[in-house]
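Notes follow once the structure below has been shown.
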Amino acid sequence: MLKGKIVKGIGGFYYIYTKKGIYECKARGIFRKENIKPIVGDNVEISIIDEKNKKGIIDIIEKRKSMLIRPLVSNVEQVVIVFSSVSPNINLDLLDKFIVLVEKQNLDILICINKIDLDNKKNYEKVKSIYENIGYKVIFLSAKMNFGIDILKKELENKISVFAGPSGVGKSSIINSLCPKFNLKTGEISLKIERGKHTTRHAELMNINENSYIVDSPGFTSLFLSNIEAEELQYYFKEFEPFLNTCKYNTCVHISEPNCSIKEQLGKMINLDRYKRYINIYNELKNDRRR
Ligand code: GDP
Ligand code: ZN
């Protein structure tokens, strides 16, 4: 038996990346009977049925460590959240919403600030210190100048990562710098939309090197904070965590309650602007539910 990873699935055929190359496989009938569908990202074991034509059959699907629904991929460990320092300017409201979404999924986060070649005022330094203080990794990139790409490559090693971020910040350019063979379209927004329309949006894994994979569709570009209750939002602001149990009321949402430990930490362990964005998102979630 040969171990591998499903990198693509089309019409009942699965493409398995292994040490011996890529095999086209069907899944054993038993999976259908048990209502288990292999998905991209699955670690599997296959039997080779035709070595010459690289065909095989999936015998075993290893237990999934995680499961993203959109895009549908298993075993994703990390989300790379990309913003540009300028053009467009980094939008911290949006960054915090991306972070909330990823924290809800319980995946690791890597924040990338791209296009630093355009930012003479070095605004990205401030952003880095805010988020590093919370405990997130932040790296600076210039896809154009090929700056920081090696550091990013290291951060992608031995895992599956999804890229997220608004359009125009340079995600496709970064992926091309990581691996020129992908040759993704950049900059031509209308063309990219065309591409999205005509291809079925099955996720596909692209491998950067032996053990690093990225998901081809720029994961979440639009943001729906669905399935998040206003009351749970506090758990996705990581810097709140050490203080959550010490508020006077155990139902405290840290907005208008007295003796709130979170509010006591403002300007100390909790950044005031992040807290303000917490309140904004909280109100948004409350209003959404009323509609
Ligand atoms: P995406 O929508 O996030 O995939 O962004 P693209 O990769 O298509 O990039 C959007 C535009 O920004 C394109 O015109 C790129 O050439 C440009 N761009 C991307 N990265 C950089 C960078 O590091 N510096 C500069 N100056 N421009 C960049
Ligand atoms: Zn509180």
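Keep in mind that the numbers below use all heavy atoms, side chains included, and drop hydrogens, waters and symmetry copies. Note that the coordinates shown come from a computational prediction; the quantities given were computed from them, not determined experimentally. Every number for a ligand or one of its atoms is a count from 1 in the order of the listing.
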message: side-chain hydrogen bond (donor to acceptor under 3.5 Å, both in side chains), that's the test. Do Ser85 and Asn123 meet it? Break it down for me.
response: CA-CA 7 Å; Ser85 194; Asn123 285 321; 5.7 Å; no
- prompt: In chain order, what residues pass the side-chain hydrogen bond (donor to acceptor under 3.5 Å, both in side chains) check against Ser177, with sequence neighbours excluded?
  reply: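 Scan of Ser177 (side-chain hydrogen bond (donor to acceptor under 3.5 Å, both in side chains), adjacent residues dropped) gives none.
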- prompt: Taking only residues two or more places apart in sequence, or in another chain, which ones meet Phe140 in a ring pair (Phe, Tyr, Trp, His ring centres under 6.0 Å)?
  reply: Tyr124
At less than 4.0 angstrom from any non-hydrogen atom of [X], what atoms of ligand 1 do you find?
X	value
Gly170	1 (P), 3 (O), 5 (O), 6 (P), 7 (O), 9 (O), 19 (C)
Ser142	23 (O)
Asp117	22 (C), 23 (O), 24 (N), 25 (C), 26 (N)

field: Backbone or side-chain N or O of Ser167 under 3.5 Å from ligand 1 N or O
entry: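 By distance alone, the answer is no.
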Nitrogen or oxygen of Ala143 less than 3.5 angstrom from that of ligand 1: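 In this structure, Ala143 places an N or O atom under 3.5 Å from an N or O of ligand 1.
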task: State whether a side-chain donor-acceptor pair under 3.5 Å links Tyr131 with Asp96.
output: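 Indeed, the side chains of Tyr131 and Asp96 share at least one donor-acceptor pair under 3.5 Å.
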task: Salt-bridge test for Lys263 and Glu257: reply yes if a basic N is under 4.0 Å from a carboxylate O, no otherwise.
output: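 Result for this pair is no, no salt bridge flagged.
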- request: Verify, without hydrogens or angle tests, whether Asn271 (side chain) and Asp273 (backbone) share a donor-acceptor contact under 3.5 angstrom.
  value: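 Present.
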field: Which segment of Leu118 sits under 4.0 Å of ligand 1 when only heavy atoms are counted
entry: side chain
query: Listing by chain and number, what protein N/O/S atoms are under 2.8 Å from the Zn ion (ligand 2)?
result: Cys247 SG, Cys252 SG, His254 ND1, Cys260 SG
task: Using heavy-atom distances, let me know which of Ser177, Ser85, Ser172, Ser173 sits nearest atom 15 (C) of ligand 1.
output: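 Selected option, by shortest heavy-atom distance: Ser173.
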field: Euclidean distance, Ser212 OG relative to Asn207 CG, rounded to 0.5 Å
entry: 8.5 Å
message: Run the salt bridge (charged side-chain N to carboxylate O under 4.0 Å, His left out) test against Arg28 and tell me which residues pass, sequence neighbours left out.
response: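 If we apply the salt bridge (charged side-chain N to carboxylate O under 4.0 Å, His left out) test to Arg28, skipping adjacent residues, the hits are Asp59.
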message: Taking the six-membered ring of Phe13 as reference, does the cationic atom of Lys26 (NZ for Lys, CZ for Arg) lie under 6.0 Å from its centre and within 45° of its axis?
response: yes
